[in-house]
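Since the structure comes first, as C-alpha cells, the remarks are kept for the end.
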Amino acid sequence: MNIAVIFAGGSGRRMHAKDRPKQFLFVHGKPIIVHTIEIFESHPEIDGIVVVCIEDWIPYMEKLKYTYRLGKVASIVPGGATGQMSIYNGLAEAARLYGRESNTVLIHDGVRPMIDADLITANLRSVEQYGSAISCGPVSETVVLVSDSEQVEQIVNRANSRVAKAPQGFRLDEVLAYEEKAISEGLTDMIDTCTLMRHYGYPLSIVNCRADNVKITTREDFFMFRAVADARENEQLL
C-alpha cells in the first residue's frame, strides 16, 4: 500500500496569523491543508492518508475531513513536542492501521500545497526502485558554507546543489525502525526525515521538483501561493 503522512502540526509563528495556525488559513475558499490533502486524495495510487495535527485543532480537522469529502484520511493524530516526534506519531499510526511491512510512505508538509500528481508518482517509483525519494528543487544562487565565526569556508558547486523539499518517501518498516532507533538514542529533533536517515548512513535518492514547491512559512509565501492559485483559476478562462 501507498500511504501519505501529512504533517500539519506547526503553529506558524513566523506567519503572524491572527487567530489560527497557518495550515488553516483560507485560500480560494478552503484551508491550505485541504489544498494539500486533495492532491493526495485524488491520486489513484495513494491508498490512505494520516494527518498529524495540533491536538487542540483535531476536532476542526475532523470537520474539514467531512466538509471537503477527504475520504482517504483514515486517521488524524496529535503532533509531538518536535517536528520529528510529530512525524513519528504519524508513521506509528500508519503502521498501526496498515502494518509495517510492504508499505510505502510519503511524508509531506501540510503547508506545501504546490505539488502535483506527477511528483507523487515519481516519489512512489523512486521508493520502489531505490528505497527512498527526496524531492529536491534547484538552487538558483550561490551556496556557501560558513564557520562558527561567520567566515566563508567553502563555496559549493551550484550544479551539484539542491534544496531538500517534500514529499520524502521511504519504505514504512525501514523509516519507522530508524525513527525508533533515533528516539532510543535521545535524538528527537532532527530537522527532517532525510536528515535522520542520512545520519544513519541510509542511501538517499533524489526526485527533481520545481522551485515553486515551497513550504508556506512566511507572509510572502502565503501571498505567492494565493497568486499561483489565482493564475491557475484564471487559466480556465483562456
Side-chain angles (χ1 to χ4, degrees), residues 3-42 46-98 105-115 165-168 172 175-176 179-180 182-183 186-193 195-196 213-226 229:
I3 308 148
V5 170
I6 299 181
F7 167 56
S11 59
R13 293 186 182 92
R14 283 175 286 180
M15 183 71 74
H16 303 294
K18 290 182 179 179
D19 61 353
R20 63 185 59 211
K22 58 189 177 182
Q23 56 269 32
F24 298 117
L25 294 174
F26 275 71
V27 175
H28 283 218
K30 56 190 171 186
I32 292 170
I33 181 67
V34 173
H35 285 275
T36 303
I37 293 173
E38 284 182 337
I39 301 166
F40 290 90
E41 176 79 22
S42 63
I46 295 297
D47 301 298
I49 300 170
V50 174
V51 178
V52 184
C53 184
I54 301 172
E55 188 165 10
D56 290 346
W57 286 79
I58 288 178
Y60 182 65
M61 188 66 234
E62 291 280 4
K63 291 180 181 178
L64 295 179
K65 170 184 172 180
Y66 291 105
T67 299
Y68 295 96
R69 299 181 181 181
L70 304 173
K72 290 184 182 179
V73 175
S75 185
I76 302 169
V77 298
T82 65
Q84 180 190 334
M85 293 306 297
S86 294
I87 291 171
Y88 170 74
N89 288 354
L91 294 173
E93 179 68 358
R96 185 187 73 81
L97 291 171
Y98 304 106
V105 62
L106 300 187
I107 302 165
H108 193 67
D109 303 302
V111 289
R112 200 182 287 272
M114 289 188 283
I115 64 167
K165 295 176 178 284
Q168 297 184 2
L172 178 56
V175 68
L176 191 51
E179 284 279 6
E180 291 166 345
I183 293 167
L187 300 175
T188 60
D189 198 17
M190 292 285 194
I191 191 168
D192 62 3
T193 311
T195 302
L196 184 150
N213 176 17
V214 299
K215 182 179 179 181
I216 299 176
T217 303
T218 66
R219 291 163 60 91
E220 290 75 17
D221 298 331
F222 175 83
F223 293 134
M224 183 181 76
F225 174 51
R226 192 167 67 181

Quiz item: Which atoms form the tightest heavy-atom contact between Ile39 and Ile115, and what is the distance?
Solution: CD1-O, 3.4 Å
Quiz prompt | Atom pair CD1 (Ile6) and CG (Asp109), whose distance is rounded to the nearest 0.5 Å | solution = 10.0 Å
Quiz item: Who are the ring-ring contact (aromatic ring centres under 6.0 Å, His included) partners of Tyr88, not counting sequence neighbours?
Solution: none
Give the table of side-chain donor-acceptor pairs shorter than 3.5 Å for residues 60-69, with sequence neighbours excluded, one pair per line with atom names and distance.
from: Tyr60; atom 1: OH; to: Arg20; atom 2: NH1; distance (Å): 3.3
from: Lys65; atom 1: NZ; to: Val73; atom 2: O; distance (Å): 3.0
from: Thr67; atom 1: OG1; to: Lys63; atom 2: O; distance (Å): 2.8
from: Tyr68; atom 1: OH; to: Gly29; atom 2: O; distance (Å): 3.1

Quiz item: Minimum heavy-atom separation for Ala94 to Ile3, with atom names?
Solution: CB-CG2, 4.1 Å
Exercise. Check the pair Leu91, Val5 against side-chain contact (heavy atoms from CB on, under 4.5 Å), reporting the backbone distance first and the verdict last.
Key: CA-CA 7 Å; Leu91 294 173; Val5 170; 4.3 Å; yes
Quiz item: Which atom pair, heavy atoms only, marks the closest approach of Gly83 to Phe7?
Solution: CA-CZ, 4.0 Å
Quiz item: Of all heavy-atom pairs between Asn213 and Arg112, which one has the smallest distance, and what is that distance?
Solution: O-NH1, 2.8 Å
Quiz item: Regarding Asp221 and Thr218, is there a side-chain donor-to-acceptor distance under 3.5 Å anywhere?
Solution: yes
Quiz prompt | Spacing of Leu106 atom CG and Phe40 atom CZ [to the nearest 0.5 Å] | solution = 6.0 Å
Practice problem: List for me each residue that meets side-chain contact (heavy atoms from CB on, under 4.5 Å) alongside Thr82, sequence neighbours excluded, and say none if there are none. | Solution: Gln84, Met85, Asp189
Quiz prompt | Exam field: side chain Gln23 to backbone Gly110, donor-acceptor pair closer than 3.5 Å | solution = no
Quiz item: Is Val214 close to Met114 at the side-chain level, that is, under 4.5 Å between some pair of heavy atoms?
Solution: yes
For residues 46-59, dump all side-chain donor-acceptor pairs below 3.5 Å to protein atoms at least two apart in sequence or in another chain.
from: Asp47; atom 1: OD2; to: Asn2; atom 2: N; distance (Å): 2.8

Quiz prompt | Over all atoms of both residues, closest heavy-atom pair of Ile87 and Glu179 | solution = CG2-OE2, 4.1 Å
Quiz item: Atom OG1 in Thr193, atom CD1 in Ile107: separation rounded to 0.5 Å?
Solution: 3.5 Å
Quiz item: What residues, two or more places apart in sequence or in another chain, satisfy side-chain contact (heavy atoms from CB on, under 4.5 Å) together with Ile191?
Solution: Thr195
Quiz item: Which distance, rounded to the nearest 0.5 Å, do you find between the CZ of Phe225 and the CD1 of Ile32?
Solution: 6.5 Å
Practice problem: Report yes or no: does Glu93 contribute a side-chain atom to a donor-acceptor pair with the main-chain N or O of Ile76 at less than 3.5 Å? | Solution: no
Exercise. For Arg226, enumerate each residue passing the side-chain contact (heavy atoms from CB on, under 4.5 Å) test, keeping only those at least two apart in sequence or located in another chain.
Key: Val27, Phe222, Phe223, Asp230
Quiz item: Where do Ala74 and Leu97 come nearest, in terms of heavy atoms and distance?
Solution: CB-CD1, 3.9 Å
Self-check item: Verdict with reasoning, Lys22 to Thr217, per side-chain contact (heavy atoms from CB on, under 4.5 Å)
Solution: CA-CA 8 Å; Lys22 58 189 177 182; Thr217 303; 4.2 Å; yes
Quiz item: Could you give the distance from NE2 (His35) to NZ (Lys30), rounded to the nearest 0.5 Å?
Solution: 5.0 Å
